[in-house]
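For the numbers below, each heavy atom of this structure counts, side chains included, while hydrogens, waters and symmetry mates do not.
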Amino acid sequence: MKTKLELILPKMRCPLCGEKFQLQITKAEKDEVIEGLLCCGENHRFGIHAGVVDFGSQEQEIGNDWSKYLDDKSPEEFDKEIEDAKSEKEKQEQAALLHKTKDLVLEKKPELVIDIASGRGMLLSTLLESDLPDNSCTLVATDLSFEILAKDRLKFKRRFPDKSLVYIACDATNLPFADDAADVTVSFFGIFNMFNLIEKGIAEASRVTKSSGTLLNAFVDIKEDSEGYAKTAEICAQNNMAGTEKMCLFDHIKNIHEKYFSELTPITVVESICGESEHVGDLLPYSGEWFAYRVYAGRK
């Protein structure tokens with residue numbers, strides 16, 4: 001039986017030179033490669049450790065620097081800590097967005113799904129709980145952080161022992177895939193959290209999505225005349241990213257998607273007012289202010 005990494009290997013390319021890969025497997029378990037090596041025609045080598053293909057990407061300094069949160073707790077403990085801080089309203093709103101995104105993925109009956117900037121794997125967990133067929137669809141989790149992907153893998157092996165994914169630590173602006181590789185690319189606030197690299201993330205998602213495929217990209221937007229927008233602009237300026245606050249404006253993000261996808265359908269899933277004790281630790285939405293959760297469904 002071939003591993004899932006072997007099945008998608010023809011669609012992978014070296015991010016340094018664009019050459020195809022050869023795979024050396026040192027250790028495998030069922031359909032997973034646990035230890036091994038990817039080597040391209042130009043002899044660029046990338047290790048596979050603890051079930052994660054490692055392209056040497058580094059965590060971003062602002063936002064999701066996962067390793068500092070995970071040192072002294074299990075991924076389940078970390079997830080519980082975050083979920084316990086949420087109000088029931090917040091949980092329901094996020095669940096609505098997760099399940100809508102999941103339904104949109106299932107509609108496509110994909111063979112290859114690339115989840116961009118997977119983080120804690122919230123969407124992946126929802127997909128693994130669904131009717132997505134494990135034997136005919138390969139899920140790929142990608143993130144800058146090797147550490148969060150290794151933790152996600154262990155967490156999902158405990159929760160879903162009969163299912164498996166491919167885990168790849170890589171740069172979302174330079175994915176190790178050929179053009180037109182994926183039936184569906186998807187991101188649950190992952191591209192949104194890329195700040196000044198959002199457009200590069202959307203452009204790269206377009207590149208690796210098949211001409212008949214779809215990007216499903218979850219974003220939050222707020223109003224330009226809000227305090228939350230002003231606070232976001234202040235934080236962006238402090239981090240040498242002035243102007244990046246436009247990432248949370250509907251028209252701005254819609255226009256970026258339309259540059260890379262010939263057909264775009266923004267799907268509004270939630271419109272609400274953020275409560276005072278909600279979204280603790282999140283930059284957005286801002287307490288007491290209007291926000292919307294949307295999925296941008298783009299076809300090339």
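Partner of K86 under the salt bridge (charged side-chain N to carboxylate O under 4.0 Å, His left out) criterion, chosen from E90, E83, E88: E83.
Note on F55: it does not cluster hydrophobically with L37, by side-chain heavy-atom contacts below 4.5 Å among ILVMFWY residues. I25 and F21 end up in the same hydrophobic cluster when Ile, Leu, Val, Met, Phe, Trp and Tyr side chains are linked at under 4.5 Å. Residues I34 and I148 do not share a hydrophobic cluster, defined by chaining ILVMFWY side chains whose heavy atoms lie under 4.5 Å apart. A continuous path of Ile, Leu, Val, Met, Phe, Trp and Tyr side chains, each step under 4.5 Å between heavy atoms, connects V52 with L128, placing both in one hydrophobic cluster. Cluster membership check: L154 does not share its hydrophobic cluster with V53, using side-chain heavy-atom separations under 4.5 Å among Ile, Leu, Val, Met, Phe, Trp and Tyr.
Ring-centre distance between F189 and Y293: below the 6.0 Å cut-off.
Between the E32 side chain and the E29 main chain, no donor and acceptor come within less than 3.5 Å of each other. In this structure, Q94 contributes its side chain and Q92 its backbone to no donor-acceptor pair below 3.5 Å. Between the S118 side chain and the T142 main chain, a donor and an acceptor come within less than 3.5 Å of each other. Panel note: side chain S206, backbone Y260; a donor-acceptor pair is recorded below 3.5 Å. Side-chain atoms of S262 come within 3.5 Å of backbone atoms of R299 as a donor-acceptor pair (strictly under, hydrogens ignored). Proximity of a side-chain donor or acceptor of E245 to a complementary backbone N or O of G243 within less than 3.5 Å is detected. A donor-acceptor pair under 3.5 Å is formed between the side chain of D143 and the backbone N or O of S145. Looking at H252, its side chain never comes within 3.5 Å of a backbone N or O of C248 through a donor-acceptor pair.
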Residues V105, L216; criterion side chain to side chain contact (heavy atoms under 4.5 Å, CB included); working and verdict
CA-CA 8 Å; V105 172; L216 301 170; 3.6 Å; yes

Pair C14, E42 - check side chain to side chain contact (heavy atoms under 4.5 Å, CB included), show working.
CA-CA 9 Å; C14 176; E42 294 294 325; over 6 Å; no

Derivation and outcome, side chain to side chain contact (heavy atoms under 4.5 Å, CB included), residues F78 and K155:
CA-CA 11 Å; F78 183 50; K155 175 175 66 177; over 6 Å; no

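One finds no salt bridge joining D251 and K254 here, because no Lys/Arg side-chain nitrogen approaches an Asp/Glu carboxylate oxygen to under 4.0 Å. By the 4.0 Å N-to-carboxylate-O rule, E76 lies too far from R159 to be salt-bridged with it.
H49 meets the side-chain contact (heavy atoms from CB on, under 4.5 Å) test with E35, F146; sequence neighbours excluded. Residues meeting the side chain to side chain donor-acceptor pair (under 3.5 Å) test with K4, sequence neighbours left out: D134. With sequence neighbours excluded, the residues forming a side chain to side chain donor-acceptor pair (under 3.5 Å) with E271 are W290, listed by chain and number. The ring pair (Phe, Tyr, Trp, His ring centres under 6.0 Å) test applied to F192 returns F219, not counting sequence neighbours. Listed by chain and residue number, nothing satisfies the ring pair (Phe, Tyr, Trp, His ring centres under 6.0 Å) test with F177 (two or more places apart in sequence, or in another chain). Under the rule for a side-chain contact (heavy atoms from CB on, under 4.5 Å), the partners of K80 that lie at least two apart in sequence or sit in another chain are D84. K30 pairs by the salt bridge (Lys or Arg N to Asp or Glu O under 4.0 Å) definition with nothing, not counting sequence neighbours. For N43, the side chain to side chain donor-acceptor pair (under 3.5 Å) partners at least two apart in sequence or on another chain are R45. E224 meets the salt bridge (Lys or Arg N to Asp or Glu O under 4.0 Å) test with no other residue; sequence neighbours excluded.
Rounded to the nearest 0.5 angstrom, T268 OG1 and L97 CG are separated by 10.5 Å. L16 CG to C40 SG: the interatomic distance, rounded to the nearest 0.5 Å, is 7.0 Å. Between L124 atom CG and L98 atom CG the span is 10.5 Å, to the nearest 0.5 Å. For the atom pair T244 OG1 and M194 CE, the distance stands at 12.0 Å (nearest 0.5 Å). Within the model, atoms OG1 of T26 and CD1 of I48 stand 8.0 Å from one another, a figure rounded to the nearest 0.5 Å. Atom CG in N196 sits 9.5 Å away from atom CG in N240 (nearest 0.5 Å).
The heavy-atom pair separating P176 from P15 by the smallest distance is CB-CD, 4.1 Å. The two residues I168 and L149 come nearest to each other via the heavy atoms O-CD1, 3.3 Å. Here the closest non-hydrogen pair linking I8 and V140 is CD1-CG2, 3.9 Å. Residues K223 and S226 approach most closely at O-OG, 2.6 Å, considering heavy atoms. For V270 against A96, the heavy-atom pair with the smallest separation is CG2-CB, 4.3 Å. The two residues I191 and G201 make their nearest non-hydrogen contact at CD1-O, 4.0 Å.
Among residues at least two apart or in separate chains, side-chain hydrogen bond (donor to acceptor under 3.5 Å, both in side chains) pairs with a member in residues 164-190 are D31-S164, D171-T173, D179-R207, D180-K300, D183-K210, T185-T209. Residue pairs satisfying the side-chain hydrogen bond (donor to acceptor under 3.5 Å, both in side chains) criterion with at least one member in residues 5-25, sequence neighbours excluded, are listed as follows: T3-E6. Counting only residues at least two apart or on different chains, no side-chain hydrogen bond (donor to acceptor under 3.5 Å, both in side chains) pair has a member in residues 105-114.
For K163, the NZ atom sits in a packed shell: over 12 heavy atoms of surrounding residues, nucleotides or ligands are nearer than 6.0 Å.
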